[in-house]
Undergrad: 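Have a look at this one before I ask anything.
Here is how names work: the chains are called A, B, and so on, in the same order as the sequence lines, proteins then strands, and each is numbered from 1.
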Amino acid sequence: MFRVALVDCNSFYASCERVFNPRLLNRPVVVLSNNDGCVVALTKEAKALGIVRGVPAFQIRALIQRHGVHVLSSNYVLYGDMSQRVLDTLATFTPNLEVYSIDEAFLDLADFADRNLADYGRTIRATVARWTGLPVSVGIAETKTLAKLANHIAKCVKDTGGVFDLIAVPDREALLGKVPVQELWGVGPNIARRLQAAGVTTARALRDADDQWVRTQFGVTGLKTVHELRGISCLPLEECPPSRQSIAVSRSFGRPVTAPGDMREAVATYVTRAAEKLREERLAAGALTVHLTTNPFNDSPQYSNSATIELPVATDASAELIRQALDLLPRLWRDGYRYKKAGVLLTALVPAGEVQTGLFDGEDRAKVRRLSATLDRLNAKLGADTLRFGATGQRQGWRTKFAHRSPAYTTNWHDLPLVRAS
DNA sequence: TCTGGGGTCCTAGGACCC
DNA sequence: TCTGGGGTCCTAGGACCC
């Protein structure tokens with residue numbers, strides 16, 4: 001019998017900040033997206049003020065002032081490191097787990113079915129809190145969709161203590177009848193609207209919906225959700241993530257870009273980062289797409305475009321990818337626009353060791369490989385971007401802004417928090 | 001003034017083939 | 001008057017997730 005726990009960190013980014021800055025405890029805290037644009041994480045104290053995830057920062061400026069809300073820029077290095085600590089902790093509880101996102105994982109508890117699973121969940125929660133300082137919620141059920149739902153209840157209902165075992169609930173009918181359909185995993189705003197219009201407003205109503213109707217209205221994805229609600233597992237635990245299909249790097253600019261030179265710097269910078277990701281995962285890219293766009297929220301003239309090049313031989317070399325990307329740019333660039341964002345997308349990914357070589361390939365691949373290895377080694381040792389390509393520019397006035405970024409508490413010796421005895 | 005980024009899966013429709 | 005049927009592949013767009 002399938003038994004699965006979803007362990008999910010509460011307000012993950014904000015909680016990471018709290019671990020190293022106790023002044024944030026019991027206070028409203030928001031963490032902003034790149035460029036300090038939108039709220040992407042917030043504590044329950046911030047939610048109580050009416051702030052919601054996704055709202056632009058400038059729209060809540062007065063609220064922030066009035067209530068002394070603590071505002072932080074995203075610190076992905078910190079969150080990535082804390083995420084790994086949580087996963088290392090969870091791995092001590094079961095060998096079979098699926099890392100679902102930066103702040104959550106599904107744990108296979110099939111082999112623990114003879115235990116009290118809620119007790120086990122409480123042990124997991126207490127251990128993560130002690131070893132990492134982070135609060136988590138645990139939801140337990142027969143399928144992933146139901147575990148998500150159980151987790152939602154663990155988070156929202158106070159007397160659960162952060163752990164909820166749906167299997168042990170005596171009256172599941174009543175419970176599912178109280179869960180709004182839009183809270184379910186796999187039901188987004190669009191599907192929720194259509195379900196409500198059809199009179200399906202609760203998890204229970206969706207579970208009991210007609211299969212044929214669901215299939216024609218919401219496809220196989222919708223039908224899987226319905227079956228999962230009935231306790232029939234359709235979404236297996238993915239312990240070995242399938243190899244990925246694409247690598248993307250895109251950023252909004254700190255200020256509008258109007259000069260081609262700035263755009264070239266930005267695109268070269270994003271390609272560099274994408275190429276680093278490629279090499280970290282020992283992949284090579286067979287195609288590269290560049291896109292750029294103006295600001296859709298402005299009423300200024302709008303323009304966006306993208307172009308793709310298929311590479312003759314798949315590569316992971318920064319220099320070659322930068323050259324290819326910059327060659328695409330003149331096709332995309334139009335004078336007279338205020339560009340807001342650009343990005344690169346690497347696709348047709350293959351393992352770096354299985355690249356199909358080209359008969360007429362002019363590159364000295366062995367030499368390029370040595371260059372990449374040296375580059376990566378130096379930057380790993382001396383800090384990111386210590387050595388970089390001239391095409392990425394010197395002043396980088398377009399760079400994304402992070403005005404409120406916390407220190408790299410766990411990944412930089414100079415930022416190590418100090419505890420003083422007073 | 002100021003509105004994120006990175007993914008996946010599914011489906012419909014067109015191109016193309018025999 | 002009257003113009004097949006079935007299959008694959010690719011792509012764009014929509015939906016979802018965090």
Side-chain angles (χ1 to χ4, degrees), chain A residues 6-13 30-42 51-62 64 71-76 79-80 83 98-106 144-145 148 151-152 181-195 214-225 228 234-235 238 241-256 270 273-274 277-278 281 287 289 291 293-300 306 308 310 338 340-349 400-404:
Chain A
L6 175 66
V7 181
D8 182 313
C9 301
N10 304 345
S11 307
F12 180 57
Y13 293 177
V30 299
V31 179
L32 303 179
S33 63
N34 279 354
N35 244 350
D36 295 337
C38 297
V39 172
V40 289
L42 66 169
I51 300 173
V52 293
R53 201 189 120 89
V55 70
F58 72 88
Q59 286 178 4
I60 56 166
R61 200 150 294 164
I64 287 168
V71 177
L72 291 149
S73 305
S74 295
N75 186 342
Y76 297 114
Y79 311 149
S83 174
E98 173 186 344
V99 180
Y100 181 66
S101 78
I102 193 167
D103 77 329
E104 61 192 298
F106 289 103
K144 287 165 99 177
T145 303
K148 271 274 188 187
N151 188 282
H152 174 73
V181 78
Q182 67 268 22
E183 303 294 341
L184 293 170
W185 192 43
V187 178
N190 208 296
I191 290 175
R193 195 166 28 77
R194 287 165 53 201
L195 284 172
V214 172
R215 176 67 182 85
T216 51
Q217 291 297 309
F218 306 102
V220 294
T221 323
L223 196 55
K224 279 184 186 175
T225 296
E228 285 246 322
C234 303
L235 304 167
E238 307 255 12
S243 68
R244 69 150 124 195
Q245 305 298 305
S246 65
I247 289 176
V249 176
S250 70
R251 296 278 181 282
S252 296
F253 303 128
R255 58 167 167 74
Y270 302 163
R273 180 70 198 113
K277 287 193 198 177
L278 264 183
E281 305 195 20
T289 301
H291 64 90
T293 182
T294 52
N295 188 348
F297 295 104
N298 278 357
D299 46 13
S300 54
S306 67
T308 301
E310 287 182 23
R338 293 162 60 81
K340 173 64 180 170
K341 182 179 178 178
V344 301
L345 180 67
L346 302 177
T347 49
L349 304 182
T400 307
K401 295 201 177 356
F402 298 90
H404 312 281

Undergrad: Using whole Å, what does the distance between atom P of nucleotide B:dC9 and atom CD of A:E228 come to?
TA: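 To the nearest whole Å, that distance equals 16 Å.
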Undergrad: Look at the side chain of A:S246 and decide which nucleotide, out of B:dT8, B:dG5, B:dC10, has an atom nearest to it.
TA: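 That would be B:dT8.
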Undergrad: Quote, to the nearest angstrom, the C1' distance that separates C:dC17 from B:dG4.
TA: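 Comparing C1' positions in C:dC17 and B:dG4 gives a spacing of 15 Å.
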Undergrad: Can you tell me how the ring of A:F106 sits relative to the ring of A:W185, calling it parallel under 30°, perpendicular over 60° and tilted otherwise?
TA: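 Answer is tilted, since the angle falls between 30° and 60°.
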Undergrad: Would you say A:K341 reaches B:dG5's phosphate, i.e. side-chain N/O to OP1/OP2 under 4.0 Å?
TA: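 So the side chain of A:K341 is within the cut-off, an N or O lying under 4.0 Å from OP1 or OP2 of B:dG5.
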Undergrad: Hey, does the side chain of A:S250 come within less than 4.0 Å of B:dG4's phosphate (OP1/OP2), counting only N and O?
TA: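 No, no such contact exists.
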Undergrad: Starting at the 5' end of DNA chain B and moving along, which residue's nearest nucleotide shows up first, A:P242 or A:G37?
TA: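 It is A:G37, whose closest nucleotide lies nearer the 5' terminus.
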Undergrad: Look at the side chain of A:E104 and the backbone N and O of A:I102, then say whether any donor-acceptor pair between them is shorter than 3.5 Å.
TA: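 Judged by distance alone, no pair lies under 3.5 Å.
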Undergrad: Is the side chain of A:R244 donor-acceptor paired with the backbone N or O of A:E281 at a distance under 3.5 Å, no angle test?
TA: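 No, the answer is negative, given that no donor and acceptor are paired below the 3.5 Å cut-off.
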Undergrad: Any base atoms under 4.0 Å from A:R61, or only sugar-phosphate, or nothing? Heavy atoms, all strands.
TA: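 The answer is base, as A:R61 lies within the cut-off (heavy atoms under 4.0 Å) of a base atom.
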Undergrad: Write down the distance between CD1 (A:I60) and P (B:dG4), rounded to a whole number of angstrom.
TA: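 From A:I60 CD1 to B:dG4 P: 14 Å.
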Undergrad: Between A:S73 and A:D36 (side chain of the first, backbone of the second, donor and acceptor by atom type, cut-off under 3.5 Å), is there such a pair?
TA: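 Judged by distance alone, no pair lies under 3.5 Å.
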Undergrad: A:N35 has an atom CG; how far is it from atom P of B:dC2, in whole Å?
TA: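 Value for this atom pair: 11 Å.
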Undergrad: Please report, rounded to the nearest Å, how far the P atom of B:dC2 is from the CZ atom of A:F402.
TA: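 Spelled out: CZ on A:F402 to P on B:dC2 is 18 Å.
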Undergrad: Using a heavy-atom cut-off of 4.0 Å across all strands, would you classify A:V220 as base, sugar-phosphate, or nothing?
TA: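 Sugar-phosphate contact only.
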Undergrad: Need one value for A:P296: base, sugar-phosphate or nothing, where a base atom within 4.0 Å counts as base even if backbone is also close, heavy atoms only.
TA: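 Touches nothing.
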Undergrad: Determine: side-chain N/O of A:K148 to OP1/OP2 of C:dC16, distance under 4.0 Å, yes or no.
TA: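 For A:K148, the contact criterion (side-chain N or O under 4.0 Å from OP1 or OP2 of C:dC16) is not met.
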Undergrad: Specify the separation, in whole Å, of atom OH of A:Y76 and atom P of B:dG7.
TA: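 Result: 13 Å.
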Undergrad: Mind checking A:D36 for me? I need base, sugar-phosphate or nothing, with any heavy atom below 4.0 Å counting as a touch.
TA: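 No contact.
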Undergrad: Name the nucleic acid region contacted by A:Y100, choosing base, sugar-phosphate or nothing; use a 4.0 angstrom heavy-atom cut-off, strictly under.
TA: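 It contacts sugar-phosphate atoms only.
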Undergrad: A:I191 has a side chain; which of B:dG5, C:dC16, B:dG6 sits nearest to it?
TA: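 The nucleotide sitting nearest to the side chain is C:dC16.
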Undergrad: Under a 3.5 Å cut-off for both distances, is B:dC18 Watson-Crick or wobble paired, and to whom?
TA: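 Base partner found: C:dG5.
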Undergrad: Which whole-number value in Å describes the distance from A:L345 CG to B:dG7 P?
TA: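 Computing the A:L345:CG to B:dG7:P distance gives 8 Å.
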Undergrad: Specify the separation, in whole Å, of atom CD of A:E104 and atom P of C:dC18.
TA: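 Whole-Å distance recorded here is 6 Å.
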Undergrad: Under 4.0 Å between a side-chain N or O of A:R215 and OP1 or OP2 of B:dT11?
TA: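 Looking at the OP1 and OP2 atoms of B:dT11, one of them is under 4.0 Å from a side-chain N or O of A:R215.
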Undergrad: Which nucleotide in the set B:dC10, B:dG4, B:dT3 lies at the smallest distance from any side-chain heavy atom of A:K224?
TA: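 Nearest nucleotide to the side chain: B:dC10.
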Undergrad: Taking atom OH of A:Y100 and atom NZ of A:K144, what is their separation to the nearest 0.5 Å?
TA: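 The NZ atom of A:K144 is 7.5 Å from OH of A:Y100, to the nearest 0.5 Å.
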Undergrad: Measure from the side chain of A:Q59, starting at C-beta and using heavy atoms only, and say which of B:dG4, B:dT3, B:dG6 lies closest.
TA: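 Looking only at heavy atoms from C-beta outward on A:Q59, the closest nucleotide is B:dT3.
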Undergrad: Heavy atoms only, 4.0 Å cut-off, all strands: where does A:R255 land among base, sugar-phosphate and nothing?
TA: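 Nothing, no heavy atom under 4.0 Å.
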Undergrad: Is any side-chain N or O of A:T400 closer than 4.0 Å to OP1 or OP2 of B:dG4?
TA: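 No, because none of the side-chain N or O atoms of A:T400 sits under 4.0 Å from OP1 or OP2 of B:dG4.
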Undergrad: For A:N298 and for A:R251, locate the closest nucleotide of DNA chain B by heavy-atom distance; then report the residue assigned to the nucleotide nearer the 5' terminus.
TA: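 This one resolves to A:N298.
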Undergrad: Ignoring backbone atoms, establish whether A:R244 has a side-chain N or O less than 4.0 Å from OP1 or OP2 of B:dT8.
TA: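 For B:dT8, OP1/OP2 do not have a side-chain N/O of A:R244 under 4.0 Å.
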Undergrad: Can you tell me how far C1' of C:dA12 sits from CD of A:Q245, to the nearest Å?
TA: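 It works out to 17 Å between those atoms.
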Undergrad: For A:I247, answer base if it contacts any base atom (sugar-phosphate contacts may also be present), sugar-phosphate if it contacts only those atoms, and nothing otherwise; contact means non-hydrogen atoms under 4.0 Å.
TA: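 Touches sugar-phosphate only.
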Undergrad: Return the NZ to CG distance between A:K340 and A:N298, rounded to the nearest 0.5 Å.
TA: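 Result: 8.5 Å between the selected atoms.
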Undergrad: Any donor and acceptor pair, going by atom type alone, linking the side chain of A:R53 with main-chain N or O of A:V40 inside 3.5 Å?
TA: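 Judged by distance alone, yes, a pair lies under 3.5 Å.
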